[in-house]
Amino acid sequence: MNKQNKFDSTIEKIARTTANKTGRRGFIGKLGGFLVGATLLPLLPVDRRGRLKDAHAATTGTMDRSGFKPQDHDTQACDYWRHCSIDGNLCDCCGGTLTSCPPGTSLSPSSWVASCYNPGDDQTYLIAYRDCCGKQTCGRCSCLNTEGELPVYRPEFSNDIVWCFGADNDDMTYHCTISPVVGKAS
């Protein structure tokens, strides 16, 4: 018996043993459950609160500064209180607002969540950062606030992920990020 035949017979034996011990219906059911679960995963919100009581962030990028002191008057600055955990371009500088995407872009269906301290009313709020997709990167007001960020293998605490998958226009090109308030953090 040559090596080719021995290899073939070994693979055939393994395949037949596996086929005898597993059912097609069970396999197809598990595969279907996995596929349905995988398609629903991007629709879940991602919690990026990290450290709830710490609302300060270290910032790097084109608008860097030392020591994050949140302010509540200039919405186009990286130290605006809503931007405590943002990574990207502010839509407020790119033709949109804090809560709406610029024309020609579409809102990502998924978001990451952080808690940010508003010095104007001494309250902490949940912010749902969402990417606007479909046009080339805006390139203005680029902020990288990293408070509570962990490596990408913990996606709920990593703001390095582009959340444009599943956007309406099927274009996964990142343009900018909005930061609407979800509610008060408790």
Side-chain angles (χ1 to χ4, degrees), residues 41-119 124-183 185:
L41 186 65
L43 300 177
L44 298 173
V46 179
D47 182 10
R48 290 192 182 208
R49 288 177 293 179
R51 292 171 242 157
L52 181 62
K53 62 182 180 178
D54 257 348
H56 304 294
T59 301
T60 59
T62 59
M63 298 178 73
D64 63 344
R65 65 200 177 281
S66 60
F68 183 77
K69 302 281 187 210
Q71 51 87 13
D72 65 347
H73 56 276
D74 184 6
T75 61
Q76 294 186 356
C78 288
D79 63 349
Y80 183 65
W81 71 271
R82 285 192 193 190
H83 307 319
C84 73
S85 187
I86 199 166
D87 180 4
N89 302 307
L90 308 177
C91 284
D92 204 27
C93 297
C94 301
T97 66
L98 287 171
T99 59
S100 64
C101 290
T105 63
S106 60
L107 192 59
S108 168
S110 53
S111 64
W112 69 96
V113 180
S115 60
C116 298
Y117 171 73
N118 181 353
T124 301
Y125 294 90
L126 291 177
I127 308 296
Y129 297 104
R130 294 180 74 183
D131 290 340
C132 296
C133 314
K135 291 169 91 176
Q136 289 299 319
T137 302
C138 169
R140 282 175 270 166
C141 298
S142 179
C143 299
L144 174 58
N145 293 337
T146 59
E147 180 63 28
E149 182 183 23
L150 293 178
V152 175
Y153 59 80
R154 292 284 309 273
E156 70 274 17
F157 295 112
S158 174
N159 61 7
D160 294 329
I161 298 172
V162 174
W163 295 95
C164 286
F165 49 85
D168 288 340
N169 61 6
D170 293 328
D171 188 350
M172 291 182 48
T173 305
Y174 168 79
H175 185 67
C176 61
T177 303
I178 63 171
S179 51
V181 173
V182 175

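Predicted model only: the values in this text are computed from it and were never measured.
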**Request:** To the nearest 0.5 Å, tell me how far D79 CG sits from K69 NZ.
**Result:** 11.0 Å
**Prompt:** What distance separates D87 CG from Y129 OH, expressed to the nearest 0.5 Å?
**Reply:** 10.5 Å
**Request:** Measure the spacing between OG of S100 and CG of L107 and express it to the nearest 0.5 Å.
**Result:** 9.5 Å
**Request:** Spell out, as yes or no, whether a donor-acceptor pair under 3.5 Å connects the side chain of H175 to the backbone of Q136.
**Result:** yes
**Request:** Compare all side-chain heavy atoms of L98 with those of S179 and state whether any distance is below 4.5 angstrom.
**Result:** yes
**Request:** Using side-chain hydrogen bond (donor to acceptor under 3.5 Å, both in side chains) as the criterion, list what pairs up with D92, not counting sequence neighbours.
**Result:** T75
**Request:** Measure the CD1-CG distance between I178 and L90 for me, rounded to the nearest 0.5 Å.
**Result:** 12.0 Å
**Message:** Quick check: do C91 and P102 have side-chain heavy atoms less than 4.5 Å from each other?
**Reply:** yes
**Intermediate values then yes/no, side chain to side chain contact (heavy atoms under 4.5 Å, CB included), I86 and Y80** = CA-CA 10 Å; I86 199 166; Y80 183 65; over 6 Å; no
**Asked** Hey, is the main chain of G134 close enough, under 3.5 Å, to the side chain of T105 for a donor-acceptor pair?
**Response** no
**Item:** Nearest heavy atoms of D72 and P119, plus distance in Å
**Value:** N-CG, 4.3 Å
**Request:** List in chain and number order the residues that pass side chain to side chain contact (heavy atoms under 4.5 Å, CB included) with V181, two or more places apart in sequence or in another chain; answer none if no residue qualifies.
**Result:** W81, R82, Y125, I127
**Asked** Do C143 and C78 have their SG atoms less than 2.5 Å apart?
**Response** yes
**Asked** Does G139 offer a backbone N or O that forms a donor-acceptor pair with the side chain of T137 under 3.5 Å?
**Response** no
**Request:** Would you confirm whether K135, through its side chain, and C176, through its main-chain N or O, come within 3.5 Å as a donor-acceptor pair?
**Result:** no
**Request:** Verify, without hydrogens or angle tests, whether R130 (side chain) and S108 (backbone) share a donor-acceptor contact under 3.5 angstrom.
**Result:** yes
**Request:** Would you indicate whether the side-chain heavy atoms of C133 and T173 approach each other to under 4.5 Å?
**Result:** no
**Asked** Does any non-hydrogen side-chain atom of C84 lie less than 4.5 Å from one of P70?
**Response** no
**Message:** Is C94 disulfide-linked to C141, taking SG-SG under 2.5 Å as the test?
**Reply:** no
**Message:** For the CG atom of N118 and the CD atom of Q71, what is their distance to the nearest 0.5 Å?
**Reply:** 10.0 Å
**Atom pair OG1 (T177) and CG (N89), whose distance is rounded to the nearest 0.5 Å** = 7.0 Å
